[in-house]
Amino acid sequence: MDPESSGEFFALLSRRLSAEPEETTTLQTVAEKAVEVVPACDYCAVSSRRRRSHVETVASTSDVANQSDALQYALDEGPCLDAISEQESFLVEDVLHEKRWPRWSAGAAKLGIGSILSVRLFTDEEVLGALNLYAAKPHGYDQENIDIALLFAVHAATAISSARLVSGLQTALQSRHMIGVAQGVLMERYGLSLDRSFEVLRRFSSHTNTKLRDVANQVVADGVLPEVGGPQSNGSLPAAGLPTPT
């Protein structure tokens with residue numbers, strides 16, 4: 001792929017990835033496009049690092065990729081995990097004779113994997129996860145394949161980060177709307193002021209260790225504040241000072 005055509009190709013690819021409206025569809029598109037773009041890649045999985053360093057597979061094109069990823073998580077070793085935590089990429093040229101992660105490589109070879117390239121997905125602000133590019137044959141990745149994969153990962157990380165931001169904003173807006181509706185329910189049901197209705201929701205959330213949006217969803221669904229401590233609580237929140245529902 002010459003520089004001029006590759007520049008145009010990846011510009012089009014970037015627009016395609018960024019056009020996906022949600023994080024879930026963006027992740028799946030990244031996995032599918034990786035197989036199309038990187039010649040040696042037979043199947044792909046995208047690993048995502050969530051809170052508390054928990055890593056999970058969030059998109060893939062094959063059960064083999066899922067099983068290989070799961071094996072890494074179970075054994076706590078493998079190129080994907082090290083790509084996320086240590087450096088930009090890891091190449092396993094021959095899985096059967098790989099010595100860096102012996103337990104994982106033995107299991108991966110039984111799955112029919114010959115070689116793998118794991119590339120970190122990251123932006124200037126955060127590490128998102130890793131792109132796991134699996135090939136059925138050993139020594140599948142030459143330098144051209146590696147260069148293409150690294151460039152693809154840059155565009156993929158940008159698209160995933162943008163989709164995650166949009167999804168987060170949408171979730172926040174939906175939560176804010178639901179909390180507002182729940183406040184209205186409490187104001188009508190208990191004769192509360194706007195500020196007081198929010199304080200009741202907040203206190204109930206803290207007292208029951210329940211997310212505020214989940215409390216709001218239940219209030220909207222039931223029309224009253226949920227019970228605390230069982231039927232004998234009569235639906236009242238300790239120290240909330242709620243009047244009898246009207």
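- No donor-acceptor contact under 3.5 angstrom links the side chains of Gln218 and Asp214, judged on distance only.
- By the rule that hydrophobic residues join a cluster once side-chain heavy atoms approach within less than 4.5 Å of another member, Val64 and Leu71 end up as members of one cluster.
- Separating the OG1 atom in Thr210 from the CG atom in Leu201 is a distance of 11.5 Å, to the nearest 0.5 Å.
- Grouping the Ile, Leu, Val, Met, Phe, Trp and Tyr side chains by contacts below 4.5 angstrom, directly or via other members, places Ile160 apart from Val55.
- Transitive grouping of hydrophobic side chains (ILVMFWY, heavy atoms separated by less than 4.5 Å) keeps Val119 and Ile113 in distinct clusters.
- Residues Pro102 and Ser105 come closest through the heavy atom pair O-OG, 3.1 Å.
- Sorted by first and then second residue, the ring pair (Phe, Tyr, Trp, His ring centres under 6.0 Å) pairs with a member in residues 62-97 read Phe90-Trp101; sequence neighbours excluded.
- A donor-acceptor contact shorter than 3.5 Å is absent between the side chain of Asp222 and the backbone of Val224.
- In this structure, the side chain of Ser115 engages the main chain of Lys137 through a donor-acceptor pair within 3.5 Å.
- For the atom pair CD of Gln183 and CD1 of Ile179, the computed distance is 7.5 Å after rounding to the nearest 0.5 Å.
- Across Cys41 and Val35, no two heavy atoms sit closer than the pair O-CG1, 3.7 Å.
- Cluster annotation: Leu27 is not connected to Tyr43 through the hydrophobic network of ILVMFWY side chains, with a link wherever side-chain heavy atoms come within less than 4.5 Å.
- Nearest heavy-atom pair across Ser68 and Leu111 is N-CD1, 3.6 Å.
- Between Ala109 and Leu96, the shortest heavy-atom contact is CB-CD1, 3.9 Å.
- What you find for Phe122 and Val127 is that their closest heavy atoms are CB-CA, 4.0 Å.
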Pair Leu192-Glu199, side-chain contact (heavy atoms from CB on, under 4.5 Å): steps then yes or no: CA-CA 10 Å; Leu192 303 178; Glu199 176 61 23; over 6 Å; no
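- Nearest heavy-atom pair, Ala83 versus Ser118, reported as atom, atom and distance to 0.1 Å: CB-O, 3.9 Å.
- Between the side chain of Glu77 and the main chain of Gln72, no donor-acceptor pair closer than 3.5 Å is present.
- Asp76 is linked by a side-chain contact (heavy atoms from CB on, under 4.5 Å) to Leu81, counting only residues two or more places apart in sequence or in another chain.
- The main-chain N or O of Cys44 is found under 3.5 Å from a side-chain atom of Thr61 such that the two form a donor-acceptor pair.
- No hydrogens or angles considered: nothing links the side chains of Ser62 and Tyr134 as a donor-acceptor pair under 3.5 Å.
- Residues Asp63 and Gln67 meet the side-chain proximity criterion, which asks for heavy atoms closer than 4.5 Å.
- A side-chain donor-acceptor contact under 3.5 Å links Asn66 and Ser60.
- Note that the CD1 atom of Ile116 and the OH atom of Tyr141 stand 7.5 Å from one another [nearest 0.5 Å].
- At least one donor-acceptor pair closer than 3.5 Å links the side chain of Asp42 to the backbone N or O of Ala136.
- A side-chain donor-acceptor contact under 3.5 Å links Ser197 to the backbone of Leu194.
- Put simply, CZ on Arg120 and CG on Leu150 are 12.0 Å apart, with the number rounded to the nearest 0.5 Å.
- Looking at Val30, Leu128, Val46, Asp69 one by one, the single match for side-chain contact (heavy atoms from CB on, under 4.5 Å) with Val58 turns out to be Val46.
- The hydrophobic clustering, which links ILVMFWY residues whose side-chain heavy atoms are closer than 4.5 Å, places Ile146 and Leu121 together.
- To the nearest 0.5 Å, atom CG of residue Asn132 and atom CD1 of residue Ile84 are 7.5 Å apart.
- Put simply, the side chain of Phe152 reaches to within 4.5 Å of the side chain of Leu131, judged on heavy atoms.
- Between Asp94 atom CG and His139 atom NE2 the span is 4.5 Å, to the nearest 0.5 Å.
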